[in-house]
Amino acid sequence: MADVTPSATGNRGRKILVTHDKIAPSAIRLLNDNDIDVYFSPPYTRSDEVAARCTTLGVDAIMVRQGKINAEVINASPALKVIVKHGVGVDNVDIAAATARGVPVLRSMGSNALAVAEHTISLALTLLKQIAPLDRAIKGGAWPKPTFIGRDIAGSVIGLIGFGAIGRETGRLAKALGMRVLVLDPMTSADSMRQSGFEVAAGLDELLTSADIVSLHCPLTNETRNLIDAKRLSQMKPDALLVNTARGGIIDETALLEALRERRIGGAALDSFSVEPPPADSPLWSLDNLIVTPHVAGVTKGSAIQMAETAARHIISVLDGNAPDQRSLALASELSAS
């Protein structure tokens, strides 16, 4: 198969594998200029096939976009020195296996924060303004104007679970639209969140019962897996909306299906799923109060360039013998392995 771009490879001294069929050309040039050849594998290639490719190439680094990077992949190339995520979520990388091998796993911190925040707000407003059902009604021959009453953006309460770079950007955009922003993040000091101009929730119970929109911005860890389960969904207002542009495993999808089907919450918008790609026959697709996108919140022209160049710089630095950037380092103790 054609798995390289014309400028990606040559006779350079070092090799990386990208688990996708492309990255920003500027990142390829940056890597090539630093004696690194770039090879590609198709999105969501099976882990055993990625492992075989790593062995054949003898790669020095892996840039992760899509698919599972398990122990088999991590141990496939004796030359492997670093794994870098083209983005920030590393739940598809077996951090424990990488740590055992002595291979650092780095994230492209902050590179897509604004893009994800913009997508979050777009999904929230699409739900709040009932764009999808109105669109369907009119295209179906109805004219709901005589009975329709919309909801206000200004004055609505958005509850952010997680206050990293994406949570901060989402809060900033929401506040600019006139929303009240309620934040919860046990890893961030309350003073820091208040200094950013946001209200601080005393706990998850308060946030869920107070918010008109609940938006997830936390990593997938052992503590956050299925954080939003049947009990948590029951605490939300009957017309509250749930938005997830973080990781699918944070929501119990079976519980969400029932809550939406029984109209116990107003609606939900998902950009990520517990299994990706999700099954074509998922019962979620039958719901008219759910909107979905294919895990693309962080994928814009600008963010794609920033993510690829940041990942490339991490790779170059480590392969040149420098210590990995501690701020970007993913630790087995804090993140869930695949």
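Hydrogens, waters and symmetry mates are skipped; everything else that's a heavy atom, side chains included, is used.
If you check the side chains of Thr19 and Gln66, you find no donor sitting under 3.5 Å from an acceptor. Asn112 and Gln306 share no donor-acceptor pair across their side chains, judged by distance under 3.5 Å alone. Side-chain contact of His217 with Ser215: a donor-acceptor pair under 3.5 Å is present, judged by distance alone. Looking only at atom types and distance, the side chain of Ser41 has no donor-acceptor partner in the side chain of Glu49 under 3.5 Å away. Between Thr120 and Thr245, the side chains place a donor N or O and an acceptor N or O closer than 3.5 Å (distance only, hydrogens not considered).
Between Ile228 and Asp252 there is no side-chain heavy-atom pair separated by less than 4.5 Å. Looking at heavy atoms from C-beta onward, Val181 lies in side-chain contact with Leu160 at the 4.5 angstrom threshold. In this structure, Ile265 and Leu241 have side chains that are not in contact, with every pair of non-hydrogen atoms separated by 4.5 Å or more. Asn226 has its side chain out of reach of Ile251: every pair of non-hydrogen atoms, C-beta onward, lies at least 4.5 Å apart. Counting heavy atoms from C-beta on, the side chains of Asp212 and Arg151 come closer than 4.5 Å. By the 4.5 Å heavy-atom criterion applied to side chains, Pro104 and Ile83 are not counted as neighbours. Between Tyr44 and Glu276 there is a side-chain heavy-atom pair separated by less than 4.5 Å.
In this structure, Ala230 and Ala255 approach most closely via the heavy-atom pair N-CB, 3.5 Å. Across every non-hydrogen atom of Ile36 and Ile315, the tightest pair is CD1-CG2, 4.2 Å. Nearest heavy atom pair, residue Leu220 against residue Ile250, reads CD1-N, 3.9 Å. In terms of heavy atoms, Ser210 sits closest to Leu182 at CB-CD2, 4.0 Å. Across Asp271 and Ala297, no two heavy atoms sit closer than the pair OD2-N, 3.0 Å. Between Ile95 and Val105 the shortest heavy-atom distance is CD1-CG1, 3.8 Å.
Taking CG from Leu184 and SG from Cys218, the interatomic distance works out to 9.0 Å, rounded to the nearest 0.5 Å. Atom OG of residue Ser47 and atom NZ of residue Lys68 lie 8.0 Å apart, to the nearest 0.5 angstrom. Remark: Asn92 CG to Lys85 NZ distance equals 4.0 Å, nearest 0.5 Å. Between the CG atom of Asp281 and the OG atom of Ser286 there is a distance of 11.0 Å, given to the nearest 0.5 Å. Taken from OG in Ser77 to CD1 in Ile62, the straight-line distance is 7.5 Å, to the nearest 0.5 Å. In this structure, NE2 on His314 lies 10.0 Å from CG on Leu329, to the nearest 0.5 angstrom.
Side chain of Thr310 to backbone of Ser108: no donor-acceptor contact under 3.5 angstrom is found. At least one donor-acceptor pair closer than 3.5 Å links the side chain of Ser303 to the backbone N or O of Gly298. A distance-only check finds no donor-acceptor pair linking the side chain of Asp60 to the backbone of Leu80 [under 3.5 Å]. Between the Trp285 side chain and the Pro279 main chain, a donor and an acceptor come within less than 3.5 Å of each other.
A salt bridge does not link Asp33 with Arg29: none of the charged nitrogens is closer than 4.0 Å to a carboxylate oxygen. Between Arg12 and Asp35, none of the side-chain N atoms (NZ, or NE/NH1/NH2) sits under 4.0 Å from a carboxylate O, so this pair counts as no salt bridge. The pair Asp91-Arg247 meets the salt-bridge criterion, since a charged nitrogen lies less than 4.0 angstrom from a carboxylate oxygen. With respect to Arg46 and Asp48, a salt bridge is recorded, a charged nitrogen being found less than 4.0 Å from a carboxylate O.
For residues 155-182, the set of pairs meeting the salt bridge (charged side-chain N to carboxylate O under 4.0 Å, His left out) definition, not counting sequence neighbours, comprises Glu169-Arg172, Arg180-Glu199.
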What verdict does the side-chain contact (heavy atoms from CB on, under 4.5 Å) test give for Lys301 and Ile305, after you've listed the backbone C-alpha separation in whole Å, the side-chain angles of each residue and the deciding distance to 0.1 Å?
CA-CA 6 Å; Lys301 289 182 178 179; Ile305 292 170; 5.6 Å; no
Residue pair Asp94, Ile69: steps toward the side-chain contact (heavy atoms from CB on, under 4.5 Å) verdict:
CA-CA 6 Å; Asp94 190 332; Ile69 305 301; over 6 Å; no
As a quick check of understanding, evaluate side-chain contact (heavy atoms from CB on, under 4.5 Å) for Val214 and Val243, giving each step before the final call.
CA-CA 6 Å; Val214 175; Val243 180; over 6 Å; no
For Asp205 and Arg232: C-alpha separation, side-chain torsions, deciding distance, then whether salt bridge (charged side-chain N to carboxylate O under 4.0 Å, His left out) applies.
CA-CA 8 Å; Asp205 291 347; Arg232 297 303 188 187; 2.7 Å; yes
Does the side-chain contact (heavy atoms from CB on, under 4.5 Å) test come out yes or no for Ile23 and His86, once each step is laid out?
CA-CA 9 Å; Ile23 56 172; His86 183 282; 4.1 Å; yes
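Linking Ile, Leu, Val, Met, Phe, Trp and Tyr whenever their side-chain heavy atoms come within less than 4.5 Å leaves Val157 and Val200 in two separate clusters. Linking Ile, Leu, Val, Met, Phe, Trp and Tyr residues whenever their side-chain heavy atoms come within less than 4.5 Å leaves Met109 and Val90 in two separate clusters. Under a hydrophobic-cluster definition in which Ile, Leu, Val, Met, Phe, Trp and Tyr are linked whenever side-chain heavy atoms come within less than 4.5 Å, directly or via other members, Leu242 and Met179 are assigned to different clusters. Hydrophobic clustering (ILVMFWY, side-chain heavy atoms < 4.5 Å, transitive): Ile291 and Leu125 are in one cluster. No continuous path of hydrophobic side-chain contacts links Met236 to Ile158 [ILVMFWY only; heavy atoms under 4.5 Å].
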Name every donor-acceptor pair, under 3.5 Å, that has one atom in a side chain of residues 318-327 and the other anywhere in the protein, sequence neighbours excluded.
from	atom 1	to	atom 2	distance (Å)
Asp320	OD1	Arg14	NH1	2.9
Asp320	OD1	Arg14	NH2	3.1
Asn322	ND2	Ser317	O	3.2
Asn322	ND2	Ser317	OG	3.3
Asp325	OD1	Arg327	N	3.1
Asp325	OD1	Arg327	NE	3.3
Asp325	OD2	Ser328	OG	3.0
Gln326	NE2	Pro324	O	3.2

